[in-house]
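Comments concern the structure below.
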Amino acid sequence: MNSRRAQRPIGVLFTNLGTPDDTSIPAVRRYLAEFLSDRRVVDLNRALWLPILYGIILTFRPKNSAEGYRSVWTDEGSPLLVYARRQAERIQARLDQEIERPVHVALAMRYGNPSIEAGLRELDAAGCKQVLVLPAYPQYSATTVATTFDKIGEVLAEWPEPPALRQINRYHDEPAYIEALAASVREHWAEHGRAEKLVLSFHGIPKRYVKNGDPYPRDCGITAQLLAAELGLSRNEYKVCFQSRFGREPWLQPYLDETMKAWGKAGMKSVDVMCPGFSSDCLETLEEIKEENREYFEEAGGGSLRYIPALNDREDHVDMFTRLIKRELSGWI
């Protein structure tokens, strides 16, 4: 124990997208302003985009978004932040048990609080001169993973002595991740029965980003293929869709909402939907899938849409994160 205390701790910065501080319209407006002003998220010319953002979008959208957040908010707060905290706490507990050298896990959100800067300063205060960055996005995209690294670089550019950094870009094909996804599907089927189709819904990005080199849809496809193989599904038993599009330009297709409407109209009796790209349940899963797309499907004439929860703080999910961290820290420990 004394030798452990004498060793300088290694830091792990565990990050996710973020959330408003509360469900008030001002809080949601602050969050959306930070999120939608990110050049990685919306890459349009600033002279064109910022007047639209501040003159139109932030005038009208916060009210609707606040209503959506209120529909999923819990007594503990934002679901995304609640689950991310639990994940970080359980990862910390596992590392404390399994690694001789002390490791300090700090949680940070790319947008909102706790901020990237706050997380880095927490690690610095703990004496961490080596930091592993783990964004909790299974599939890589410049709109998620890269912008996290951008922000870290922006913060550390002001530091006289930044820590040594390592980063994990993706874990879309990690066997333990695929196995955890498959286990969650099997458990859902054991409890609720198996639907006619399994939909794997990923967050969309504009097609233009892919043409410019973003590998995101490739990562999504690999995850889907590996999960289908693990579950023993034929190609006609599952479908990959993309959700959460914004604006008028083409995004990755097929669109989830249009698929649900078409299947409902065709009279499909049941569909199971899971979101393998979300490490924690959030607005996009609990409101957009469980509420909005369920209505699209059922009101169009479909039977029932059942949402399979994100991996959240499941034991096998925490185990996957812990093993991933230990592997990436091997040279330091």
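Here CZ of Arg86 is found 13.0 Å from CG of Leu107. Values are rounded to the nearest 0.5 Å. Residue Leu95 holds its CG atom at 11.5 Å from NE2 of His104, rounded to the nearest 0.5 Å. Taking OH of Tyr83 as the reference point, atom CD of Glu76 lies at 8.5 Å (rounded to 0.5 Å). The CD1 atom of Ile52 sits 12.5 Å away from the OG1 atom of Thr59 when rounded to the nearest 0.5 Å. Interatomic distance, NZ of Lys265 versus CZ of Phe297, reported as 14.5 Å (0.5 Å rounding). Atom CZ of residue Phe242 and atom OH of residue Tyr255 lie 11.0 Å apart, to the nearest 0.5 angstrom.
You'll find the side chain of Asp316 stays beyond 4.5 Å of the side chain of Glu179, heavy atoms only. Side chains of Glu230 and Arg186 form a contact here, defined as non-hydrogen atoms less than 4.5 Å apart. With contacts defined as side-chain heavy-atom distances shorter than 4.5 Å, the pair Arg208/Asn212 qualifies. Between Asn293 and Val273, every side-chain heavy-atom pair lies at or beyond the 4.5 Å cut-off. Proximity of Tyr296 to Leu305: side-chain heavy atoms (C-beta onward) are nowhere separated by under 4.5 Å. You'll find the side chain of Leu198 stays beyond 4.5 Å of the side chain of Glu237, heavy atoms only. Side chains of Ile152 and Val131 form no contact here, defined as non-hydrogen atoms less than 4.5 Å apart. Thr148 is not listed as a side-chain neighbour of Thr144, based on a closest heavy-atom distance of 4.5 Å or more.
Proximity of a side-chain donor or acceptor of Tyr69 to a complementary backbone N or O of Thr19 within less than 3.5 Å is not detected. For the pair Arg90 (side chain) and Asp313 (backbone), a donor-acceptor distance under 3.5 Å is present. Proximity of a side-chain donor or acceptor of Trp49 to a complementary backbone N or O of Leu36 within less than 3.5 Å is detected. Distance alone, capped at 3.5 Å, is enough to place a donor-acceptor pair between the Lys197 side chain and the Asn236 backbone. Within the 3.5 Å criterion, the main-chain N or O of Gly193 finds a donor-acceptor partner in the side chain of Arg306. In terms of modelled atom types and a separation under 3.5 Å, the side chain of Arg46 and the main chain of Ser37 share a donor-acceptor contact. Put simply, the side chain of Gln243 never gets that close to the backbone of Leu256: no donor and acceptor are under 3.5 Å apart. Asp214 places no side-chain N or O within 3.5 Å of a backbone atom of Tyr209 that could act as its donor or acceptor partner. Looking only at distances, no side-chain donor or acceptor of Gln139 sits under 3.5 Å from a matching main-chain atom of Cys220. Side-chain atoms of Gln92 come within 3.5 Å of backbone atoms of Val103 as a donor-acceptor pair (strictly under, hydrogens ignored).
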Q. Run the side chain to side chain contact (heavy atoms under 4.5 Å, CB included) check on Ile57 and Leu32 step by step: do they pass?
A. CA-CA 9 Å; Ile57 295 173; Leu32 291 177; 5.9 Å; no

Q: Take Arg30 and Glu34 through the salt bridge (charged side-chain N to carboxylate O under 4.0 Å, His left out) test and state the conclusion after the steps.
A: CA-CA 6 Å; Arg30 286 194 302 272; Glu34 184 182 5; over 6 Å; no

Q | Derivation and outcome, side chain to side chain contact (heavy atoms under 4.5 Å, CB included), residues Asn64 and Arg61 | A | CA-CA 5 Å; Asn64 291 333; Arg61 186 169 178 176; 5.5 Å; no

Q | Candidate pair Leu53 and Leu50, rule side chain to side chain contact (heavy atoms under 4.5 Å, CB included), full reasoning | A | CA-CA 5 Å; Leu53 175 61; Leu50 293 181; 4.2 Å; yes

Q: Please assess Asn16 against Ser279 for the test side-chain hydrogen bond (donor to acceptor under 3.5 Å, both in side chains), listing each intermediate value before the final yes or no.
A: CA-CA 9 Å; Asn16 210 313; Ser279 60; 3.2 Å; yes

Q.
Arg85 vs Glu89, test: salt bridge (charged side-chain N to carboxylate O under 4.0 Å, His left out). Steps then yes/no.
A. CA-CA 6 Å; Arg85 280 176 175 153; Glu89 289 168 358; over 6 Å; no

Q: Assess whether side chain to side chain contact (heavy atoms under 4.5 Å, CB included) is satisfied between Ile178 and Thr223, documenting all intermediate values.
A: CA-CA 7 Å; Ile178 300 300; Thr223 295; 4.2 Å; yes

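There is no path of hydrophobic side-chain contacts, each under 4.5 Å, that joins Phe35 to Leu80. Clustering ILVMFWY residues whenever any of their side-chain heavy atoms sit less than 4.5 angstrom apart, transitively, puts Val28 in a cluster other than the one holding Met109. Tyr137 and Leu81 fall into different hydrophobic clusters, where Ile, Leu, Val, Met, Phe, Trp and Tyr residues are linked whenever their side-chain heavy atoms come under 4.5 Å apart, directly or through other members. Both Val145 and Leu17 are members of a single hydrophobic cluster when ILVMFWY side chains are connected at heavy-atom separations under 4.5 Å. A continuous path of Ile, Leu, Val, Met, Phe, Trp and Tyr side chains, each step under 4.5 Å between heavy atoms, connects Phe202 with Leu227, placing both in one hydrophobic cluster.
Applying the ring-ring contact (aromatic ring centres under 6.0 Å, His included) test to every pair with at least one member in residues 165-185, sequence neighbours left out, gives these pairs: Tyr171-Tyr177, Tyr171-Phe321.
Both tests pass for Arg235 against the ring of Tyr238: distance under 6.0 Å to the centre and angle within 45° of the axis.
For Glu154 and Lys151, the salt-bridge test passes: some basic side-chain N is under 4.0 Å from an acidic carboxylate O.
At most 12 non-hydrogen atoms from other residues, nucleotides or ligands lie less than 6.0 angstrom from NZ of Lys290. Atom NZ of Lys129 has more than 12 neighbouring heavy atoms from other residues, nucleotides or ligands inside a 6.0 Å radius. Within a 6.0 Å radius of CD in Glu249, other residues, nucleotides and ligands contribute more than 12 heavy atoms.
Residues Ser280 and Gln87 have side chains that bring a donor and an acceptor to within less than 3.5 angstrom of each other. A side-chain N or O of Asp281 and one of Tyr307 form a donor-acceptor pair less than 3.5 Å apart.
Residues Ala66 and Thr23 approach most closely at CB-O, 3.4 Å, considering heavy atoms. Across every non-hydrogen atom of Asp21 and Trp73, the tightest pair is O-CZ2, 3.8 Å. Between Trp332 and Leu132, the shortest heavy-atom contact is CZ3-N, 4.0 Å. For the pair Ile116 and Ala108, the tightest heavy-atom approach, listed with the atom from each and the gap, is CA-CB, 3.9 Å. Of all non-hydrogen atoms in Ser330 and Arg166, the two that sit nearest each other are N-NH1, 4.4 Å. Contact record, Leu156 with Pro163: CD2-CD, 3.9 Å, taken as the closest heavy-atom pair.
Residues satisfying the side chain to side chain donor-acceptor pair (under 3.5 Å) test with Asp38, not counting sequence neighbours, are Arg110, Tyr111, Thr147. Among residues two or more places apart in sequence or in another chain, the side chain to side chain donor-acceptor pair (under 3.5 Å) test is passed with Asp319 by Arg94, Arg323.
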